[in-house]
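Here the structure comes first, spelled out in structure tokens, and everything after it is commentary.
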Amino acid sequence: MKEELATRYEPSAFEQRIYASWEAGGYFTPDLDPERPKFSIVIPPPNVTGRLHIGHALVNTLQDIIARWKRMSGFNTLWVPGTDHAGIATQMVVERKLAEQGISRFDLGRDKFVEKIWEWKEQHSTEIKDQLTRLGASADWTRERFTLDEGLSRAVRHVFVKLYEDGLIYRGIAMVNWCPRCRTAISDIEVEFRERNASLWFVDYDVTLDEAQAGGRKLTIATTRPETMLGDTAVAVHPDDERYKDLIGQYAILPIVNRRIPIIADPILVDPAFGTGVVKVTPSHDKNDYETGKRHDLPQLQVIGEDGRMTDAAGAEFAGLDRFEARKKVVEMLRESGQLAKVESHTNNVGVHGKCDTDIEPMVSRQWFVKIEPLATPAIEAVRSGAVQIIPQTWEATYFNWMENIHDWTISRQLWWGHRIPAFHCPNGHMAVSVEDLTACPECGAPVTQETDVLDTWFSSGLWPFSTMGWPDDTPDVRIFYPTDTLITGFDILFFWVARMIMFGLRFTGKAPFSQVYLNGLVRDEQGQKMSKTKGNVIDPLDVVNDVGADALRFTLAISTTGRDIPLGKSRIAGYSAFVNKIWNASRFAMMHIDAELRDAGPIERENLRTVERWILSRLNSATAEVNRQLSIFRFDEAAGALYKFFWHEFCDWYIEMAKPVLLGRHGSDQDRALAKRVLLEVLDRSLRLLHPFMPFVTEEIWQKLGGVEPSIMIAPYPVPEEVLEDPDAERLVNAVKAIITTVRNVRAERGFTPKDRFKLYIRGNDDRDSNFFRDYAYLLIELARLTEVSVEGEAPEGAHHDVVEGFHIAVEFPEKVVTQEQLDRVKREIEKAVKELESLDAKLANEQFTRNAPANIVAGAQARQTELRARLEKLQQNQ
RNA sequence: GCGGAGUUAGCUCAGCGGUAGAGCGUCUCCUUUACACGGAGAGGGUCGGGGGUUCGAUCCCCUCACUCCGCACCA
């Protein structure tokens with residue numbers, strides 16, 4: 001039963017009501033029929049740390065478009081939603097919150113602090129669900145997951161224990177990236193490099209040639225980190241460097257602390273051409289020096305502690321000083337002692353912790369690692385073989401580049417929020433790992449305590465595609481929906497997340513966790529700038545939804561998604577919200593003339609259809625094919641663009657206008673009118689279904705009012721192209737009508753006439769059939785081009801405007817000849833343009849190499865164009 | 001340093017071997033009973049510079065310039 005549409009499009013009036021009705025209808029939850037073709041996708045779980053930003057709006061809109069498209073296309077579709085505990089990020093946020101009340105996590109203790117974070121999590125995961133709901137995400141909330149859920153935690157333990165048993169997880173002492181602020185180790189990819197203007201300090205070291213000969217020569221050594229000097233245990237030169245060859249094996253005196261340290265030769269560490277060719281060696285605080293120290297069996301002296309302050313080993317004067325304070329003090333003391341040779345300015349890249357921007361301190365410590373190469377090799381192969389396809393493909397090179405140079409993964413974190421490592425230590429030095437908690441040591445029976453470190457947050461999210469399905473149990477979800485089909489996510493987590501999922505998926509399920517990965521670009525502002533709070537150019541997706549509705553935002557995001565970065569600004573969104581408004585109003589117009597009951601008469605009788613109706617159905621069919629094709633290759637922009645163009649510029653601008661004379665009873669028979677209404681309903685109905693994945697709310701609202709066959713448009717079948725609707729002849733004729741109308745309008749404007757001025761049009765058909773067509777559709781030309789009369793037989797009088805349009809000769813007779821200089825210039829310019837084109841075309845066709853070598857259709861096209869241009873030119877010249 | 005991408009209309013971007021496209025913006029006209037979040041028209045580009053391949057290049061190859069993004073980082 002049809003209902004009226006509100007006169008104004010107001011999304012806030014229905015969006016939330018509609019979402020509730022979908023959820024109540026259970027449309028987001030797939031059935032468990034293993035026979036049906038399935039489509040499954042898992043959400044990149046947002047961090048529970050806060051509100052969703054525009055990037056989330058994008059990635060979830062794209063997922064929803066694909067999910068809704070697949071669901072309507074007959075796939076048993078599952079979209080799993082959920083959130084990530086996000087280790088450090090969340091812990092940091094809550095710590096900051098507590099700090100406002102003057103409380104540190106140490107005041108609370110581990111258990112109380114973790115409790116606080118859980119409270120935070122409960123608040124925010126609800127907020128995230130609300131936001132996704134407002135966007136229209138068709139995710140199955142009955143399957144919502146969190147990485148710290150009991151089931152997912154069990155998956156984590158299984159994987160950990162199995163990797164340990166397989167020898168792929170080891171615990172050991174190594175130099176890791178340490179964040180002194182967060183007081184935890186982090187992995188290589190969590191380190192970001194910032195270019196910074198710094199100083200290069202040149203320090204003079206005294207050389208003792210041997211015990212007896214103190215003083216004399218000096219070595220000058222450059223450093224960017226003078227404070228680490230306190231921990232130096234050697235000085236290195238290149239073994240072949242003639243300048244220093246004689247000093248190898250001798251000793252240098254470390255300034256300030258006056259420690260005697262060996263001068264060693266190391267071809268790996270030292271580049272004799274760089275700087276002074278002498279390098280200080282600090283095995284405890286530099287990665288290369290650490291390796292050098294191991295090669296030469298140098299002692300390690302840790303002078304910077306876990307908190308970034310100097311240790312007692314740095315000496316009484318420095319102990320307890322912050323590392324940057326210590327740097328100043330060391331420089332000051334060197335200056336005083338006259339051992340600071342010079343200072344140069346220097347730009348270098350400083351590693352910082354990506355989450356908190358604190359300078360990373362390389363630190364030797366005992367951590368847990370994943371031996372990555374045995375996992376990476378199959379993951380490389382999966383992409384190389386095409387088992388996993390990365391889109392856009394250009395990212396594959398980046399993936400290979402990284403995977404082939406991958407380092408072991410530091411998985412332990414000295415945090416409180418996360419999956420505690422399932423390893424148990426006893427006082428006798430035994431250690432056991434176990435899926436179940438242990439109380440007694442399996443070896444000696446002594447009571448055990450669990451490892452205090454937690455796992456890197458990406459360890460658990462790496463299991464997401466199967467841990468959310470219930471793995472390691474053999475659940476129906478695992479059987480039916482795993483592996484998933486498509487993963488849609490940002491390119492920034494290709495290494496953090498996507499690569500880890502492929503590695504874990506292959507290792508533990510024997511299958512790649514998804515077959516396609518679509519990496520979306522970064523949302524930027526209209527100037528192409530990154531959105532950031534400090535720049536103040538951030539667009540909050542919820543503000544946009546409140547303002548213009550979710551559909552406008554979604555459509556803007558989709559049509560802007562080209563595979564690269566996405567420029568998004570208010571004017572862009574406003575432009576596409578006008579499109580939603582257009583859909584609303586066109587539907588309103590259509591619904592004044594149609595009833596759902598029109599369907600009762602059965603399918604459309606094509607044999608009685610008029611040309612314009614056959615034309616719009618043919619155009620609709622092309623758009624249908626295009627949308628399906630583009631969605632299948634993730635060209636969201638092209639798919640949305642095809643719909644935009646069809647609905648607005650073909651359906652609204654032309655078809656509705658061409659149908660009006662018949663619909664409003666100014667022309668045609670009752671049968672014509674009935675068929676036009678039936679076609680109007682058909683086109684609107686199919687358009688709404690085609691549009692639904694992009695703008696779910698407004699299409700549902702209109703569909704409901706229109707009286708759709710299914711209870712919800714989201715489970716109505718997605719249109720597919722039908723060959724019977726293709727109609728090249730109708731397209732040819734209607735294109736001619738459109739072009740003639742445009743030409744008349746154009747000429748009218750050029751000659752300075754207003755729409756009130758009416759002319760007579762002469763047109764010549766190329767054969768009887770065409771002539772009959774123009775006679776039948778003369779009323780259309782008269783209405784849309786605002787003519788007095790159309791003559792198919794008559795001869796145009798002197799002074800008429802002649803032209804050739806789509807192969808048809810036309811002439812427009814003006815009431816009186818109005819000539820201004822401007823108009824003459826215009827005609828002149830038009831002629832010049834045509835002459836120029838014709839000249840180059842003539843030259844081309846006179847060239848034998850072209851006619852011989854170019855494909856036949858190209859040559860034929862050029863010839864046809866040449867003929868048309870010649871005719872047109874002749875007519876245009878008459879106009880002068 | 002290694003790798004990848006980009007440079008097309010005023011702005012943001014599509015296109016990619018055969019007569020240069022879209023959205024927004026600009027200018028002109030129009031309140032025609034779905035929509036002024038509208039309709040009709042117009043203007044605007046030697047497709048970063050230079051070579052080459054080709055009958056033909058914005059599109060392929062080389063080269064230069066600039067921009068961006070990864071990765072690696074040397075004191």
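Throughout, a chain's letter reflects where its sequence line sits, starting with A, and its residues are numbered from 1. The figures here come from the full heavy-atom set of this structure, side chains too, leaving out hydrogens, waters and symmetry mates.
- For A:N349, counting side-chain heavy atoms from C-beta on, the closest listed nucleotide (B:rA72, B:rG41, B:rA34) is B:rA72.
- Here the separation of B:rG15 from B:rA22, taken at their C1' atoms, is 10 Å to the nearest Å.
- With distances taken from any side-chain atom of A:K582 to the nucleotides B:rC35, B:rG23, B:rG18, the minimum falls on B:rC35.
- Between the C1' atoms of B:rC62 and B:rA14, the separation comes to 27 Å (whole Å).
- Checked by atom type, the side-chain pair A:K280/A:T228 shows a donor-acceptor distance below 3.5 Å.
- Side-chain polar atoms of A:T292 and A:R295 form a donor-acceptor pair below 3.5 angstrom.
- Residue A:H649 has its side chain nearest to B:rG23 when only B:rA75, B:rC55, B:rG23 are considered.
- Comparing B:rA34, B:rA75, B:rC55 against the side chain of A:N847 picks out B:rC55 as the nearest.
- Taking the ring pair (Phe, Tyr, Trp, His ring centres under 6.0 Å) definition, one finds that A:F634 meets it with A:Y518, sequence neighbours left out.
- Regarding contacts with the backbone of B:rA34, a side-chain N or O of A:K660 is found under 4.0 angstrom from either OP1 or OP2.
- B:rC68 and B:rG48 have their C1' atoms separated by 15 Å, given to the nearest Å.
- Dashed line: the shortest gap from a side-chain N or O of A:N585 to OP1 or OP2 of B:rG38 is not under 4.0 Å.
- Using a 4.0 Å heavy-atom distance criterion, A:Y9 is classed as making no nucleic acid contact.
- Between A:H407 and the phosphate of B:rC71, there is no side-chain N or O to OP1/OP2 separation shorter than 4.0 Å.
- The closest side-chain donor-acceptor pair between A:E848 and A:T851, if any, does not fall under 3.5 angstrom.
- Residues passing the ring pair (Phe, Tyr, Trp, His ring centres under 6.0 Å) test with A:H407: none are found, sequence neighbours excluded.
- Among the protein residues, A:I221 comes within range of no part of the nucleic acid, since none of its heavy atoms lies under 4.0 Å from any strand.
- Checking B:rG70, B:rA14, B:rA75 against every side-chain atom of A:R635, the shortest atom distance belongs to B:rA14.
- Rounding to the nearest 0.5 Å places CD1 of A:I594 at 5.0 Å from CG of A:L680.
- Checked for salt-bridge contact, A:D204 and A:K218 miss the test: no charged N lies under 4.0 Å from a carboxylate O.
- Counting any heavy atom pair closer than 4.0 Å across all strands shown, A:A222 reaches sugar-phosphate atoms only and no base atom.
- Nucleic acid contact for A:W201: none, since no nucleic acid atom lies under 4.0 Å from a heavy atom of the residue.
- Residue A:D653 is in sugar-phosphate contact alone, with no base atom involved, counting any heavy-atom pair closer than 4.0 Å across all strands shown.
- At least one cation-pi condition fails for A:K582 and A:Y644: the charged atom is not both under 6.0 angstrom from the six-membered ring centre and inside a 45 degree cone around its axis.
- Separating the CD atom of A:Q849 from the P atom of B:rG56 is a distance of 7 Å, rounded to the nearest angstrom.
- Counting atom types as modelled, A:E657 pairs a side-chain N or O with a base atom of B:rA34 as donor and acceptor under 3.5 Å.
- Counting non-hydrogen atoms under 4.0 angstrom, A:E848 reaches nothing in the nucleic acid.
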Strand RNA chain B as a dot-bracket string - pairs counted if Watson-Crick or G-U with both distances under 3.5 Å, | where the partner lies in another strand: ((((((((.[[[[.)..(..]]]].(((((.......))))).....[[[[[..)....]]]]])))))))....
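- Taking side-chain N and O atoms only, A:W584 has no distance below 4.0 Å to OP1 or OP2 of B:rG38.
- Only the P atoms considered, B:rG25 is 16 Å distant from B:rA40, to the nearest whole Å.
- In this structure, A:M403 places its CE atom 24 Å from P of B:rC2, rounding to the nearest Å.
- The gap from the C1' atom of B:rA42 to that of B:rA9 amounts to 14 Å, rounded to the nearest Å.
- Between A:E361 and A:R225 there is a salt bridge, since at least one side-chain N of the basic residue sits less than 4.0 Å from a carboxylate O of the acidic one.
- For A:E291 and A:K287, the salt-bridge test fails: no basic side-chain N is under 4.0 Å from an acidic carboxylate O.
- Here A:R745 reaches the OP1 or OP2 of B:rG41: one of its side-chain N or O atoms lies under 4.0 Å away.
- A:T394 comes within contact range of the sugar-phosphate backbone alone, with a heavy-atom separation under 4.0 Å but no base atom that close.
- A:K287 comes within contact range of the sugar-phosphate backbone alone, with a heavy-atom separation under 4.0 Å but no base atom that close.
- Residue A:N405 is classed as having no contact, given no heavy-atom separation below 4.0 Å to the nucleic acid.
- Among the nucleotides B:rC74, B:rA34, B:rA75, the one closest to the side chain of A:N288 is B:rC74.
- If you measure from atom CG of A:N401 to atom C1' of B:rC71, you get 6 Å, rounded to the nearest angstrom.
- Contact annotation for A:R786: base contact, defined as any heavy-atom pair under 4.0 Å involving a base atom.
- When the C1' atom is compared between B:rG17 and B:rC60, the two are found 8 Å apart, to the nearest whole Å.
- Closest to the side chain of A:A578, out of B:rC55, B:rA34, B:rG38, is B:rG38.
- Residue contacts for A:L200: at a heavy-atom cut-off of 4.0 Å it reaches no nucleic acid atom on any strand shown.
- Nucleic acid contact class of A:T742 (heavy atoms, under 4.0 Å, all strands): sugar-phosphate only.
- The A:F850 side chain lies nearest to B:rG18 when the options are B:rC35, B:rG18, B:rA5.
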